[in-house]
Amino acid sequence: MLKIATWNVNSIRVRAPTVLEWLHQEQPDVLCLQETKVEDDAFPSDAFFQAGYYATLYGQKQYNGVAILSKHPVTDIQVGWAPMRKEALGPSVDNAYRLVAATTGGVRVMSVYVPNGESPASPKLAYKMAFMKQLRLYLDQCADPSLPCALVGDFNIAMEGRDVYSTEAMEGEVAFLPEERAALADLQAWGLHDLFRKYHTGPGLFSWWDYRMGSFRRNIGLRIDYIFTTASLTARANGCHIDTAPRQATQPSDHAPVVATFSE
DNA sequence: ATGGTGGATCTTCCA
């Protein structure tokens, strides 16, 4: 059995004890992290190594930062758009420490943190859209849909109406704009399955809840964290769920981990 | 109507 998870931890410094406890309990083979918010030298790699995990890092001070923790040896590490052909790089779409890829446990794993976008009128939304376009080109050039691949992370976009707490409230709001959802669909069209929806069809199932206004208690949330898998990996899947327990704990991240299991 | 909370480079920026 192979267990792969993703979790936006909103600062690994603050969340390291929580993540270590979760790893101890859940024993995933791979845990992809987003919003680590530390330079690689400051990442608590030793603590994770002691817990049985190799840490593959791509972080900076203060903002963003992604990582892949794995029990298995890691090869072919790539960060950001580095492996892309120069002529295919869009007009200076900064990768901003938002993508790290590595092969581990027989799977090409990509941990991504898509920009938030802020609001419909913000230049940050234009950056988000450019990032999504660049990510699709990255898949075209640097990954192979015929191989077992897992593109996971915080995409900051809810796919469908059932992925938001209220379609009325989210109408015209960032994370649920038609152009964002189209960009996510275009990403999937490369050859990816939204694994969670293979097992759960209902509404009200979210991966993120605002820290404010008691959103978690009221289940006012969005499903914006995904495990996307290529066909050969999808075929091996046994289950996929969102673990809401860490969101209930003290000093939580605003995101919950998404977990998937596969046959060997 | 524009708050509410949390993290970090904390009279601000980002989510």
Side-chain angles (χ1 to χ4, degrees), chain A residues 6-22 32-45 47-48 57-67 80 93-100 111-132 135 152-159 163-166 168-177 179-181 183-184 206-226 242 244-258:
Chain A
T6 181
W7 195 358
N8 178 323
V9 291
N10 187 16
S11 169
I12 195 63
R13 283 187 219 260
V14 171
R15 226 68 66 196
T18 307
V19 175
L20 284 163
E21 188 187 348
W22 190 81
C32 293
L33 303 175
Q34 299 85 37
E35 280 205 270
T36 52
K37 297 184 175 180
V38 286
E39 288 176 302
D40 298 350
D41 289 349
F43 194 98
S45 300
F48 289 102
L57 309 173
Y58 188 46
Q60 65 179 345
K61 271 188 189 174
Q62 194 173 10
Y63 305 127
N64 310 333
V66 285
V93 182
D94 190 348
N95 72 67
Y97 300 88
R98 293 175 181 275
L99 175 66
V100 62
S111 176
V112 67
Y113 174 45
V114 173
N116 173 286
E118 192 188 24
S119 66
S122 173
K124 291 177 187 173
L125 179 63
Y127 170 58
K128 181 183 195 174
M129 298 305 297
F131 186 95
M132 287 297 289
L135 186 58
V152 311
D154 175 5
F155 291 77
N156 269 313
I157 301 169
M159 190 107 51
D163 298 313
V164 303
Y165 67 93
S166 161
E168 288 172 8
M170 287 302 293
E171 176 85 37
E173 295 291 328
V174 80
F176 196 57
L177 298 172
E179 60 263 43
E180 295 179 273
R181 294 160 65 193
L184 196 55
F206 307 129
S207 65
W208 172 87
W209 302 258
D210 200 301
Y211 280 122
R212 297 165 287 192
M213 298 179 289
S215 298
F216 181 70
R217 179 177 47 78
R218 297 156 59 208
N219 200 30
I220 305 295
L222 304 173
R223 193 174 71 94
I224 54 176
D225 300 86
Y226 299 88
I242 297 168
T244 54
R247 186 62 180 82
Q248 292 175 264
T250 52
Q251 207 176 20
S253 167
D254 44 354
H255 295 253
V258 187

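Chain identifiers are assigned alphabetically (A, B, ...) following the order of the sequence lines, protein sequences preceding nucleic acid strands; residue numbering begins at 1 within each chain. Small disclaimer: the values here were computed from a predicted structure and weren't measured.
When side chains are defined from C-beta on, A:Asn219 does not count as touching A:Tyr165, because their heavy atoms never get closer than 4.5 Å.
Taking atom NZ of A:Lys128 as the reference point, atom C1' of B:dA15 lies 11 Å away to the nearest angstrom. If you take CG of A:Asn10 and C1' of B:dT5, they are 11 Å apart, rounded to a whole angstrom. The interatomic distance linking A:Ile220 (CD1) with B:dG3 (C1') rounds to 16 Å, in whole Å. Rounded to whole angstrom, the span from the NE2 atom of A:His255 across to the C1' atom of B:dG7 amounts to 13 Å. Atom CD1 of A:Ile224 is separated from atom P of B:dA15 by 12 Å (rounded to the nearest Å). Remark: P of B:dA8 and CD of A:Gln60 are 14 Å apart, rounded to the nearest angstrom. Distance, A:Trp208 CH2 to B:dC14 P: 17 Å, rounded to whole Å. For A:Asn116 and B:dG6, the CG to P distance is 18 Å, given to the nearest whole Å.
Among the atoms of the strands shown, none is found under 4.0 Å from any heavy atom of A:Glu118. Contacts of A:Phe216 with the nucleic acid, taken as non-hydrogen atoms under 4.0 Å apart, are absent.
With distances taken from any side-chain atom of A:Gln62 to the nucleotides B:dG6, B:dG4, B:dA8, the minimum falls on B:dA8. Of the listed nucleotides (B:dG3, B:dA15, B:dG7), B:dA15 has the atom at the smallest distance from the side chain of A:Arg98. Nearest to the side-chain atoms of A:Glu35 among the listed nucleotides B:dC13, B:dT9, B:dA15 stands B:dA15. Side chain of A:Lys61, nearest nucleotide from B:dT9, B:dG7, B:dA15: B:dT9.
Residue A:Arg15 has a polar side-chain atom (N or O) positioned under 4.0 Å from OP1 or OP2 of B:dG7. An OP1 or OP2 oxygen of B:dC14 is reached within less than 4.0 angstrom by a side-chain nitrogen or oxygen of A:Lys124.
Separating the P atom of B:dT5 from that of B:dT9 is a span of 22 Å, rounded to the nearest Å. For the C1' atoms, the distance from B:dC14 to B:dG4 is 16 Å, rounded to whole Å. For the C1' atom pair drawn from B:dA15 and B:dC10, the interatomic distance equals 15 Å after rounding to whole Å. Taking atom P on both B:dG3 and B:dC13, the two are 15 Å apart, rounded to the nearest angstrom.
Rounded to the nearest 0.5 Å, atoms OH (A:Tyr58) and CG (A:Asn64) are 10.0 Å apart. Interatomic distance, A:Met213 CE to A:Arg218 CZ, rounded to the nearest 0.5 Å: 6.5 Å. Here the straight-line distance linking atom CZ of A:Phe216 with atom CG of A:Asp210 works out to 13.0 Å at 0.5 Å rounding.
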Mind running side-chain hydrogen bond (donor to acceptor under 3.5 Å, both in side chains) on A:Asp163 and A:Tyr226 for me, showing each step along the way?
-> CA-CA 11 Å; A:Asp163 298 313; A:Tyr226 299 88; 4.6 Å; no
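Checking A:Asp210 against A:Val14, the closest nucleotide of DNA chain B that is more toward the 5' end is the one next to A:Asp210. Residue A:Arg212 is the one, among A:Arg212 and A:Thr36, whose nearest nucleotide of DNA chain B lies closer to the 5' end (criterion: closest heavy atom).
Checked against A:Ile224 for a side chain to side chain contact (heavy atoms under 4.5 Å, CB included), the options A:Phe155, A:Trp208, A:Phe206, A:Phe176 give a single hit: A:Trp208.
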